[in-house]
Structures are given as structure tokens and as C-alpha cells.
> 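Structure incoming, see below.
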Amino acid sequence: MELMGAASIDALTPEQRQQIRVDVACASCGACGAQIVKQSEAQGTSTKIRQPHFRFTGPNGQDAHHELCEFNAEASKELKDPLINFATDRSAETRFVRGLVCKGIENGIFDQEAIRGMRQWFFDLKSETRVRVSATVEAIEWMEKLSSHPYHRRWPFHPSHAEMPNFDWQEAAKLQFTEDHFVLLEWLFEKRRTSHFPRAFSRAKTLSEEHFDQEIFDRSVLKPFYEKNVEFACFFAKNSDFPKKKKTPPEYYRFQGAPVPLLALCALLLFVSDWSMDDAIGLGAKLIAAPSASDGTLGNVMGLNPFHDYLAWETLALASELAAKSPADFEYEEILQGIEARIRDEHRLWRESR
């Protein structure tokens, strides 16, 4: 941390501290009012338990961060989740990406200003695009049931079908469900073809419980960026020594999600390449070929994954749309039972009329 020529934090003059309050801005929301918080160590040891950092406060000591800033003391988990601390080597994936971040900064492929710019881009999106969570857990469960419904089979029920000796009433009810709700199913499966939601129902239900009727960031604006990021992450993992997991090979990233550290790195490379895939791949190749960084602390940065929980938030949004197009009753099994009772009755009346 630069100290404006002072020998230590304690040696800063009041004038220098005031200049810091004016000149230093939050890397996300741009808030001023920075105060230096000193490093602290565990009592009786030299173990660091807190790195020196800035705290941003207003004239009355209040938190100066914007309410939507992930560094706000009152920020919700939803706002904080996209942050990634590369200083903590918790996994092989994080260590690999951290090493590349060190190389990238030391070799001028990107810098702290680029990381700052990406945070500002993300903050502006969060501020400008808001939506209220309206999908209930029941609506998500309804979409989950419909997503597994075999809608591609078309066979309207006729009472004569039930004359077969081993006629399957439950199967007939499912086929008739398709006929009764074909427009709805066709809409959903077209959405499914162009979306990623099949793997995210469980997480979507959790988000619904935590954020129902709250105003949150409308992730739909991220769709074109997310598409590129996942494609790039897949390409990067396949064509590098990135530590891949057997259960989630790169070709599964589209539906199961890519590793978070890799998404953060690929998002940064795309951002500094103005979201050009070819330019980002060129930077990625340059980054891998660059010599190892001599300063391992350059990776002690707070990264950003703008696409945290994207699949689950997309599921929530689609569940809301589906609910608006659906019957008031979301009970899939009860509807099937009702259809079975109806076609049984149709069969009974048909036989009586013969």
C-alpha cells in the first residue's frame, strides 16, 4: 500500500489522510471517504489476521458505499457472492487461476485498472436493471415437473383405446396432459433449448425462499455475456493445463456451470478484449505462455465472477414467465389425477352409449 512518502501509516499527517479520503475511491461503486485500516496480528504471534485495507465512511461515520455495492457493510449475500478472493488458495482451480492473475499483472496483459473497470461495469448493470422476485417455490416445482414431461409424444385419448386388456391409464393421462397444455409445453421446451436451467432447480428454490418479493439485479441482461463466457471457459479448459474434474468435463460447463475461478478469469479476459472471443483467446494464449511471475503477491486481489448463480436466477425468471401463462393450480400430480378421472369417465359414457 502506497503511503504518500510516509514511513508508516501512523506517520501520515492529517493533510495526507484528508487527501486519501478525497482521492481514493471504492473499486466497485466509486465511493470516496477512504480511511486506512492497519494490518493486525494475532496476540503474542506474528500471524497476520487482517491485511491493511481501506474503509470508506461518510462525514458522520456511516458506511459510504452505495447500497448495491458488494463492499457495503449491510450488503446482502446476493451482492457479496460474486466476489472471489484469489489470495486464498483453497483449490487447485483457484491456485491455477491465481498464478495466471500474477502473470497477467506482472506482464502487463491486464492490470488493477482493468479489474476496477470490470467491477464498475458490473455495478452499473446492477444499478440500472432491477426486477422483483415473483417466482414461488411452487412455481419452480411446476416448471421442474413440466420440464421432465414427455411432451413430444402426441396421442389424444379416445375411449376405444381403453378396450385394450392392459391399457395404461396413467400413461394415457400423461399423453392427454400434453394435448391439454401443448402450447404451454411448446413454449417451455423452446425456452429450454436456448437456456441452461435444467440443472438449477434446487438452487433456484433456495433463492426464491431467500429473496421472494425482493428487488434484485435482473440477470437477463447478462445472457449474451454469459454465453460467451461459458464458451470461452470451455475452450480455455480444453486447450490448457487447467485442472479439470472428471465429473464435470469442459463440455458439460454449459449445463452444469463452469468452475468459478475460471469464469472470473475468462470474464476479465473478455472484458479487456471488449467481449471479442478471438481477442480474448489471443490474450489467454499470451497469458499461458508468459513467464512465471516473480511477485506472488500480485494475485492477492479480489476477483469478480459476474455470473454467480446465473443458471439459478435464469430459472427463477423463466418460472415467473411460465407461472403467468399457466393455470392457477400448479399441482402437476393432481392435474394428472384429474385428467385420468376425466378420461375414465369418458370411457364409461362411451361404453354406455354403445
Side-chain angles (χ1 to χ4, degrees), residues 1-9 20 23-28 30 34 36-39 46-48 50-54 70-71 82-123 225 228-229 232-244 258-307:
M1 183 180 289
E2 298 291 337
L3 294 176
M4 304 172 67
S8 67
I9 293 175
I20 289 172
D23 291 347
V24 177
C26 169
S28 179
I36 298 179
V37 179
K38 294 194 298 183
Q39 171 184 301
S46 59
T47 303
K48 296 178 182 178
R50 184 179 67 196
Q51 296 286 343
H53 63 279
F54 292 113
E70 58 268 25
F71 296 111
L83 293 176
I84 304 168
N85 190 351
F86 287 128
T88 56
D89 294 342
R90 295 181 179 177
S91 68
E93 297 165 341
T94 303
R95 290 194 297 273
F96 182 88
V97 170
R98 183 177 183 275
L100 292 181
V101 170
C102 292
K103 291 169 65 172
I105 294 175
E106 186 164 288
N107 291 280
I109 297 172
F110 47 75
D111 54 22
Q112 294 282 6
E113 187 61 28
I115 296 172
R116 161 84 177 86
M118 184 175 171
R119 282 186 182 154
Q120 185 66 55
W121 166 79
F122 186 55
F123 176 78
F225 305 106
K228 284 190 175 183
N229 204 32
F232 183 30
C234 178
F235 179 90
F236 192 100
K238 280 185 173 180
N239 296 278
S240 72
D241 293 328
F242 180 78
K244 296 173 275 291
V260 171
L262 180 61
L263 277 179
L265 175 66
C266 290
L268 178 60
L269 291 174
L270 281 165
F271 178 78
V272 299
S273 303
D274 198 25
W275 298 96
S276 165
M277 184 76 78
D278 292 339
D279 290 348
I281 290 173
L283 281 184
K286 183 179 179 182
L287 181 62
I288 292 171
S292 298
S294 59
D295 184 357
T297 66
L298 292 174
N300 294 344
V301 298
M302 192 68 77
L304 175 71
N305 171 26
F307 310 107

> Going by the rule ring-ring contact (aromatic ring centres under 6.0 Å, His included), which residues pair with F225 if we only count those two or more places apart in sequence or in a different chain?
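In terms of ring-ring contact (aromatic ring centres under 6.0 Å, His included), with neighbours along the sequence ignored, F225 is linked to W121, W275.
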
> What's the separation between atom CE in M277 and atom SG in C266, rounded to the nearest 0.5 Å?
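M277 atom CE to C266 atom SG measures 9.0 Å (nearest 0.5 Å).
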
> Between Q120 and R116, is a side-chain hydrogen bond (donor to acceptor under 3.5 Å, both in side chains) present by the stated rule, with each step listed?
CA-CA 6 Å; Q120 185 66 55; R116 161 84 177 86; 2.9 Å; yes

> With a 4.5 Å heavy-atom cut-off, do V272 and L283 have their side chains touching?
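Sidechains of L283 and V272: in contact.
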
> What's the separation between atom OG in S292 and atom CG in L100, rounded to the nearest 0.5 Å?
9.5 Å

> Any side-chain heavy-atom pair from V97 and F242 closer than 4.5 angstrom?
yes

> Working to the nearest 0.5 Å, report the span between CZ of F122 and CZ of F307.
8.5 Å

> Can any side-chain N or O of K244 pair as donor or acceptor with the backbone N or O of A237 at less than 3.5 Å?
yes

> Can you measure from CZ (F235) to NZ (K228) and round to the nearest 0.5 angstrom?
15.0 Å

> Side chain of S273, backbone of S276: donor and acceptor closer than 3.5 Å?
no

> Decide yes or no for I281 and F236: does some side-chain heavy atom of the first lie under 4.5 Å from some side-chain heavy atom of the second?
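Side-chain contact under 4.5 Å: no.
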
> Working to the nearest 0.5 Å, report the span between CG of D278 and CZ of F232.
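So the CG of D278 and the CZ of F232 are separated by 10.5 Å.
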
> Enumerate, atom names and distances included, each donor-acceptor pair closer than 3.5 Å involving a side-chain atom of residues 103-111, sequence neighbours excluded.
{"residue": "K103", "atom": "NZ", "partner": "L287", "partner atom": "O", "Å": "3.2"}
{"residue": "K103", "atom": "NZ", "partner": "I288", "partner atom": "O", "Å": "2.9"}
{"residue": "K103", "atom": "NZ", "partner": "A290", "partner atom": "O", "Å": "3.0"}
{"residue": "E106", "atom": "OE1", "partner": "S294", "partner atom": "N", "Å": "3.2"}
{"residue": "E106", "atom": "OE1", "partner": "S294", "partner atom": "OG", "Å": "3.0"}
{"residue": "E106", "atom": "OE1", "partner": "D295", "partner atom": "N", "Å": "3.2"}
{"residue": "E106", "atom": "OE2", "partner": "S294", "partner atom": "N", "Å": "2.8"}
{"residue": "E106", "atom": "OE2", "partner": "S294", "partner atom": "OG", "Å": "3.3"}
{"residue": "N107", "atom": "ND2", "partner": "K103", "partner atom": "O", "Å": "2.8"}
{"residue": "D111", "atom": "OD1", "partner": "E113", "partner atom": "N", "Å": "3.1"}
{"residue": "D111", "atom": "OD1", "partner": "A114", "partner atom": "N", "Å": "2.8"}

> A258: what forms a side-chain contact (heavy atoms from CB on, under 4.5 Å) with it, not counting sequence neighbours?
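Residues passing side-chain contact (heavy atoms from CB on, under 4.5 Å) with A258: A233, Y253, L263.
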
> Side chains of M118 and P306: closer than 4.5 Å at any heavy-atom pair?
yes

